[in-house]
Amino acid sequence: MGKLGNLGARLHHGEVGYDFVKNRKLWYGISILITITAIVGLAVRGLHMGIEFQGGAVFTTPKNMSASVSQAETYAEEASGHDAIVQKLGDGSLRIQIAGTDTGASDQIKQQLSKDLDTPAEKINADLVGPSWGDQIADKAWQGLGIFMVLVVIYLAIAFEWRMALAAFVALIHDITITVGIYALVGFEVTPGTVIGLLTILGYSLYDTVVVFDSLKEQTRDITKQTRWTYAEIANRSINSTLVRSINTTVVALLPVGGLLFIGGGVLGAGMLNDISLSLFVGLAAGAYSSIFIATPLVADLKEAEPQMKALKKRVLAKRAQAAAKGETVQSADEGEPYADDEHDDAAPAVVGPRNQPASRGRGRGRPSGKRR
């Protein structure tokens with residue numbers, strides 16, 4: 001942990017770092033490929049909607065049933081002529097879901113299950129779920145998602161700027177698409193728990209993105225008054241300075257969710273945990289990825305299209321070329337300062353990446369020691 005903390009401090013101070021923004025075309029390509037795969041999976045396989053959205057019948061047997069899940073599933077499919085989902089509950093009872101079943105068919109299925117499972121029909125509880133209830137849930141989910149997106153864009157446009165709001169919006173759409181596509185590819189059932197999990201990951205993804213944006217906003221204040229850094233380089237420094245924090249929060253969040261998904265749902269067979277845990281697991285990972293590899297690089301692209309930032313980049317590169325021609329050593333800015341107000345600074349400009357030599361404590365903010373009095 002000490003090494004990780006030391007790495008975080010070095011990343012924050014710019015002593016080490018990876019150029020995420022420079023390789024943004026690679027990240028864009030990877031994201032586009034994953035997104036296309038998710039969309040194709042969604043179009044080809046579709047979503048396996050739960051009984052809450054399709055309507056149907058749910059049968060609950062008495063406790064301590066001797067029949068296995070596979071046997072009960074076979075009995076239910078033969079009795080109904082539809083696919084059935086069977087889950088064994090903690091008390092030994094079986095929960096049998098059959099979609100597309102009306103009241104008349106439900107009574108017949110109940111009688112047949114009573115014979116196959118060798119249990120009295122009156123002890124099998126049957127509940128009917130209408131498709132209209134699922135439609136209401138879906139409508140409310142879409143309304144909530146739309147309101148959330150609108151509020152997010154408005155808030156980020158006010159707190160930061162419209163380019164950051166647009167980048168965060170793209171990142172959120174990216175996360176939703178990948179999560180829904182994974183659901184289609186693995187064939188997990190979509191339930192109200194899935195909807196809850198999907199809405200939850202949006203907040204987490206936004207939080208991770210805002211942390212980087214806040215750092216970027218602080219470090220780019222009065223950026224045009226200096227010629228040491230381009231906007232893209234400061235954006236890259238913002239990612240690196242918050243990288244360890246993003247990794248820590250993501251890992252801590254993924255551990256319990258992974259336990260629910262792989263141990264609870266996979267090993268212990270608690271299938272009801274799969275619907276919400278898969279959306280959380282995929283969404284948390286996608287949210288951390290998008291905040292680092294999509295949102296911030298996209299902001300850098302949008303900002304550097306501005307005339308002011310184009311002019312700044314031209315001045316920075318010209319100054320670096322001039323320094324290189326003179327054979328001067330190029331150093332990065334002092335620790336904690338992404339750039340300095342170099343109104344009178346004739347020193348060589350900074351570059352992104354590890355510093356070769358630590359800055360002297362006797363020097364001013366990026367100014368040669370000879371100018372100190």
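Predicted model, so just to flag it, every value in this text is computed and none were measured.
Arg45 meets the side chain to side chain donor-acceptor pair (under 3.5 Å) test with no other residue; sequence neighbours excluded. Partners of Glu78 under the salt bridge (Lys or Arg N to Asp or Glu O under 4.0 Å) rule, at least two apart in sequence or in another chain, do not exist in this structure. Shown here are the side chain to side chain contact (heavy atoms under 4.5 Å, CB included) partners of Val150, two or more places apart in sequence or in another chain: Ile154. When the salt bridge (Lys or Arg N to Asp or Glu O under 4.0 Å) test is applied to Arg24, the partners found at least two apart in sequence or on another chain are Asp301. Tyr155 pairs by the side chain to side chain donor-acceptor pair (under 3.5 Å) definition with nothing, not counting sequence neighbours. Glu77 is linked by a salt bridge (Lys or Arg N to Asp or Glu O under 4.0 Å) to nothing, counting only residues two or more places apart in sequence or in another chain. Evaluation of the side chain to side chain contact (heavy atoms under 4.5 Å, CB included) rule for Phe148 yields Val152, Leu172, Leu202, Leu206 as partners, not counting sequence neighbours. With sequence neighbours excluded, the residues satisfying side chain to side chain donor-acceptor pair (under 3.5 Å) with Ser205 are Asp175. Among residues two or more places apart in sequence or in another chain, the side chain to side chain donor-acceptor pair (under 3.5 Å) test is passed with Thr119 by none.
Donor-acceptor pairing under 3.5 Å is lacking for the side chains of Thr230 and Lys313. Side chain to side chain, Thr250 and Tyr204 meet the donor-acceptor criterion of an N or O pair below 3.5 Å. A side-chain donor from one of Gln112 and Asp116 sits under 3.5 Å from a side-chain acceptor of the other.
For Lys303 and Glu161, the salt-bridge test passes: some basic side-chain N is under 4.0 Å from an acidic carboxylate O.
Environment of CZ in Arg245: sparse, with no more than 12 heavy atoms of neighbouring residues, nucleotides or ligands closer than 6.0 Å.
Applying the ring-ring contact (aromatic ring centres under 6.0 Å, His included) test to every pair with at least one member in residues 22-42, sequence neighbours left out, gives these pairs: Trp27-Phe293. Pairs of residues two or more places apart, or lying in two chains, that qualify as side chain to side chain donor-acceptor pair (under 3.5 Å) and include a residue from residues 30-43 are Ser31-Tyr289.
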Show me the side-chain donor-acceptor pairs of residues 121-130 shorter than 3.5 Å, one per line, residues at least two apart or across chains.
from   : atom 1 : to     : atom 2 : distance (Å)
Asn125 : ND2    : Asp127 : OD2    : 3.2

